[in-house]
Amino acid sequence: MRWTLKEVKDKKSVNHLVQVLGIEPVLAQLLVDRGITTYQQAKSFFRPSLDELHDPYLMKDMDKAVQRIEEAIAKKENILVFGDYDVDGTTAVALVYSYLQSYYPNVDRYIPDRYKEGYGISYQGIDYAADNDITLIIALDCGIKSIDHVEYAKQKGVDFVIGDHHLPGSQIPNAVAVLDPKRSDCTYPYDELCGCGVGFKLVQALAANRNQTIEDLLPYLDLVVTAIGADIVPITGENRILAYFGLEVLNSNPRPGIKALLNVYKQSSYTVSDIVFKVAPKINAAGRIQHGNYAVDLLTRFSMREAEETAEMIIAFNEERKLLDQNITEEAKDQIIENKEINNKATVVFHQSWHKGVIGIVASRLIETYYRPTVVFTASGDVLAASARSVKNFDLYAALEACSEELIQFGGHMYAAGMTCKKENYLNFKAKFEEVVSSTIHERDLIPEVEIDALLDFADITPKFCRILKQFEPFGPQNMSPVFLTKNVYDTGYARGLGANKEHLKMYVRQRGHLDKGFSAIGFSFGKYLDDIQNRTFFNLVYTIEENEWKGEVSNQLQIKDMQLV
C-alpha cells in the first residue's frame with residue numbers, strides 16, 4: 001500500500017473558513033477539498049434543505065413525460081413501469097409504481113430476467129406490454145440507448161417515457177419523453193442523479209399536479225437513499241439532500257420491506273455505508289440468483305408479515321450468492337496459481353460452470369488479492385460472457401477497445417465493464433488483454449493507494465472535532481469519510497486478534513507525547529501485525545474515525561486503513 005498525503009491547497013479559503021465558522025484548520029481544509037469555500041456553501045453542506053431541491057421541470061422533456069402520463073390516466077390506459085434488475089432499477093420501479101398505484105389502479109411493473117433477457121429494455125418486455133393491452137411504458141434506470149426497442153414498441157402501439165441516468169449515445173431514442181440529466185441538450189442543474197433519483201424527480205413533477213408538496217413525498221426517500229448508496233453515485237448537491245433526508249426516513253420509519261432487511265442487525269441507526277454493505281447486496285441477490293421481481297415485491301409490501309416472508313427469501317438468495325462467490329473466488333485463485341500467473345499485469349480467468357450472476361463480484365474479490373485489471377469469464381449459451389473490473393487510474397474501457405477484434409461486444413466505463421466472446425477466441429483475448437495492460441499501465445498503479453486527507457495528532461480529536469466531523473455525513477463518493485494519519489502510535493497492552501484465525505486486530509492506542517488521549521482501534525485483516533504490536537512497537541496509523549455501537553453505548557473508534565511499523 002502506498003500512502004499519498006494531500007497537499008493543503010487554497011490556504012486563503014481555509015483561513016477564511018476557520019474564522020467565519022470557528023472550526024479547526026483540518027476541518028476547514030476538508031471543506032475546501034470538497035469545493036466549499038464560503039460561509040453560505042458550508043451552511044448548505046452542514047444543513048441540507050429540501051428547499052434546495054431543483055424544480056423537476058428544469059429537466060428536459062419533463063413536461064412531455066408528465067403530460068403523457070396524465071393523458072394515459074385520463075383515458076384509463078394501462079401503464080407499465082419497467083426497470084433494471086439491480087438495486088437502482090428495482091428501487092426506481094418500486095418508487096414510481098407505488099406512487100402511481102396510490103391514486104391510479106391500472107399500473108403494472110416489469111423487471112427483465114437477467115439471464116433470459118439481459119440488461120435494459122427487452123423485446124420480451126415490450127411484447128408483454130402489447131399482449132396485455134398496455135400502451136405506455138415508463139422505463140427507469142435504462143433505455144437511453146434503446147433506439148431499436150422504442151421503434152419496435154411504436155409498431156406495437158406502445159409509447160415510451162424513458163427515465164435514465166447513463167451517458168447517451170450519439171442518438172436519443174425517439175420516445176415521447178427522454179429524461180436524462182446527462183443529455184447534452186439538458187440544462188438540469190445537477191447531472192449525477194441515479195436512476196431512482198430521476199424516477200423521484202418524475203414523481204415530484206406528477207405530485208405538483210395533485211397539490212402535493214415535497215413533505216408528501218418524504219416516505220419514498222428511503223428508496224432513493226438505498227439507490228444512491230448502492231449505485232455509488234456522488235454524495236454531492238441534490239444527491240446529498242436526498243440521501244440526508246432519505247436516511248432520516250430509513251432510520252425512523254422505513255417501508256416494511258427495508259425494515260425487514262434491517263431487523264437482522266438490531267442497530268439503533270444506519271448510514272450509507274450500512275446500505276452499501278448490508279442492504280444493497282441482499283436486494284441485488286434477488287436478480288443475481290432468482291429474479292429481480294422478488295426485490296420489487298419486497299419494496300412494495302404494505303404488510304410487515306408479508307415483507308418479512310419476502311425478506312426471508314431474499315436473505316436466503318444472498319446466502320447462496322455469498323457461498324457461490326466465495327467458492328468461485330477460491331477456484332479462480334487456484335487457477336491463477338496453477339497457470340503461474342501470479343506476477344501477470346492482468347487477470348483473465350474462465351470456467352464454464354461459474355455462475356453468471358456473481359462473476360462481477362468475483363472480479364472485485366480478485367482485485368482485493370492481486371490488485372490488477374481483472375476479467376472473469378463463464379459460459380453463456382453458445383458464447384462466453386464476462387464481467388471486468390479495474391484498478392484506480394487504469395482505463396478498462398480503453399483496454400477492451402484495443403482488444404475488440406477478439407470480442408463479440410462489450411460495454412461499460414473506465415472501472416467496470418461486461419462483454420461476450422466466442423469460445424474459440426478466449427485464449428487470444430486473454431493474451432491480447434495481458435499485452436495491452438502490460439504496455440499501458442503504470443507500475444505505481446499496480447500498488448493500492450490510500451489517500452490521506454490530513455496529518456492529525458490524537459490531541460486534535462476532541463468531542464467538538466468529532467461532532468463537526470459527524471456533520472460531514474452522509475459519506476460516499478466525492479464526500480468520503482476523511483482519512484487521517486497519526487505518527488508514533490502504540491498499543492497500551494490491549495492488542496488481541498479477532499476472528500476464527502485471529503485475522504483481525506483490536507487495540508487501544510495512544511500517541512507518544514499525548515498520554516492523556518487514547519482510542520479503541522479495529523483493523524480488519526491486520527492480525528499479521530499482532531506480535532509486533534504486543535512487543536510495544538511504535539507504528540504510524542492511517543484510519544477513519546467511526547462511531548461504534550456496543551450494547552447500546554456509542555463511542556468513537558478508529559477504523560484502521562493501513563499501518564507501518566517504525
Side-chain angles (χ1 to χ4, degrees), residues 73 78-113 128 132 138 140-141 196 199-200 202-203 206-207 210 212 215-230 242 245-270 274-275 278-321:
I73 290 169
N78 293 322
I79 300 172
L80 183 70
V81 184
F82 185 108
D84 190 22
Y85 40 69
D86 69 359
V87 177
D88 195 15
T90 52
T91 52
V93 168
L95 191 159
V96 174
Y97 169 78
S98 57
Y99 177 75
L100 289 173
Q101 273 260 312
S102 69
Y103 61 90
Y104 183 65
N106 301 348
V107 188
D108 196 1
R109 79 280 175 101
Y110 190 100
I111 303 290
D113 185 288
Y128 173 86
N132 287 276
I138 302 171
L140 300 164
D141 189 35
C196 188
F200 181 77
L202 174 60
V203 164
L206 289 165
R210 309 200 133 58
Q212 291 176 309
E215 279 74 23
D216 295 310
L217 302 180
L218 287 178
Y220 297 96
L221 290 184
D222 57 351
L223 290 171
V224 181
V225 71
T226 299
I228 286 171
L242 293 169
F245 288 98
L247 282 174
E248 284 193 349
V249 175
L250 188 135
N251 281 310
S252 61
N253 189 27
R255 65 194 51 242
I258 290 177
K259 189 175 183 181
L261 292 180
L262 294 175
N263 279 347
V264 177
Y265 298 103
K266 307 286 189 279
Q267 290 174 215
S268 60
S269 67
Y270 297 88
D274 290 317
I275 289 169
K278 295 175 180 175
V279 179
K282 293 180 177 63
I283 296 173
N284 259 333
R288 290 183 189 282
I289 301 301
Q290 195 62 249
H291 199 289
N293 279 333
Y294 286 92
V296 179
D297 286 346
L298 176 75
L299 298 171
T300 53
R301 295 291 190 211
F302 291 111
S303 144
M304 198 63 217
R305 183 184 59 78
E306 288 180 346
E308 284 169 347
E309 287 172 1
T310 310
E312 207 172 289
M313 283 191 284
I314 281 179
I315 289 166
F317 296 152
N318 192 49
E319 289 305 311
E320 185 179 343
R321 187 273 308 167

- Task: Give, for atom CD1 of I258 and atom CG of L298, the distance between the pair rounded to the nearest 0.5 Å.
- Result: 8.0 Å
- Message: Looking at every heavy atom in both V225 and D222, which two are closest together, and how far apart are they?
- Response: CG1-O, 3.4 Å
- Task: State, with a plain yes or no, whether a side-chain heavy atom of L206 is found less than 4.5 Å away from one of L100.
- Result: yes
- Query: What are the two closest heavy atoms between A286 and F317, and how far apart are they?
  - Reply: CA-CD1, 4.0 Å
- Task: Give the intermediate values and the outcome of side-chain contact (heavy atoms from CB on, under 4.5 Å) for residues N132 and N78.
- Result: CA-CA 8 Å; N132 287 276; N78 293 322; over 6 Å; no
- Task: State the CG-CD distance between D108 and Q101, to the nearest 0.5 angstrom.
- Result: 8.5 Å
- Scanning both residues in full, the closest heavy-atom pair of L250 with Y270 reads CD2-CB, 3.8 Å
- Task: Looking only at non-hydrogen atoms, find the nearest pair between N284 and V87 and report the distance.
- Result: OD1-N, 3.3 Å
- Query: Step by step, would you call L242 with F245 a side-chain contact (heavy atoms from CB on, under 4.5 Å)?
  - Reply: CA-CA 6 Å; L242 293 169; F245 288 98; over 6 Å; no
- Message: What I'd like to find out is whether the side chain of H291 reaches to under 4.5 Å of the side chain of Y85, using heavy atoms alone.
- Response: no
- Item | Heavy-atom donor-acceptor pair, D84 side chain to G89 backbone, under 3.5 Å | no
- Pairwise side-chain contact, I228 with I275, heavy-atom cut-off 4.5 Å (strictly under): no
- Spatial distance of atom OG1 (T310) from atom CZ (R305) [nearest 0.5 Å]: 9.5 Å
- Message: Could you check whether atom CD of E215 has more than 12 heavy atoms from other residues, nucleotides or ligands sitting under 6.0 Å from it?
- Response: yes
- Task: Could you please spell out the steps behind the side-chain contact (heavy atoms from CB on, under 4.5 Å) verdict for V279 and L262?
- Result: CA-CA 7 Å; V279 179; L262 294 175; 3.6 Å; yes
- Using 30° and 60° as the class limits, which term best fits the ring planes of Y110 and F82: parallel, tilted or perpendicular? parallel
- Message: Testing the basics here: between C196 and V224, what is the closest heavy-atom pair and its distance to 0.1 Å?
- Response: SG-CA, 3.9 Å
- Item | Atom pair OH (Y294) and CE (M313), whose distance is rounded to the nearest 0.5 Å | 5.5 Å
- Side-chain heavy atoms of F200 within contact of L221, under 4.5 Å: yes
- Can you tell if the side chain of I79 reaches within under 4.5 Å of the side chain of I73, non-hydrogen atoms only? yes
- Message: Donor-acceptor check, side chain of D88 to backbone of A227, threshold 3.5 angstrom: yes or no?
- Response: no
- Hey, what do you get for CD (E319) to CD1 (I289), rounding to the nearest 0.5 Å? 11.0 Å
- Message: If you count every heavy atom of other residues, nucleotides or ligands that lies below 6.0 Å from K278 atom NZ, does the total exceed 12?
- Response: yes
- Please say which of V81, V203, V107 ends up in a side chain to side chain contact (heavy atoms under 4.5 Å, CB included) with Y99. V203
- Of all heavy-atom pairs linking D274 and S269, the shortest is OD2-O, 4.1 Å
- Residues which pass ring-ring contact (aromatic ring centres under 6.0 Å, His included) with Y97, listed by chain and number, not counting sequence neighbours: none
- Task: Would you mind reporting whether T226 and R255 have side-chain heavy atoms less than 4.5 Å apart?
- Result: no
- Task: Show your working on side-chain contact (heavy atoms from CB on, under 4.5 Å) between L299 and L95 and close with a plain yes or no.
- Result: CA-CA 9 Å; L299 298 171; L95 191 159; over 6 Å; no
- Query: Rounded to the nearest 0.5 Å, how far apart are OG of S102 and CD of Q212?
  - Reply: 6.5 Å
- Pairs satisfying salt bridge (charged side-chain N to carboxylate O under 4.0 Å, His left out), at least one member in residues 279-301, at least two apart: R109-D297
- Flag yes if more than 12 heavy atoms outside Y265 fall under 6.0 Å of its OH atom; otherwise flag no. yes
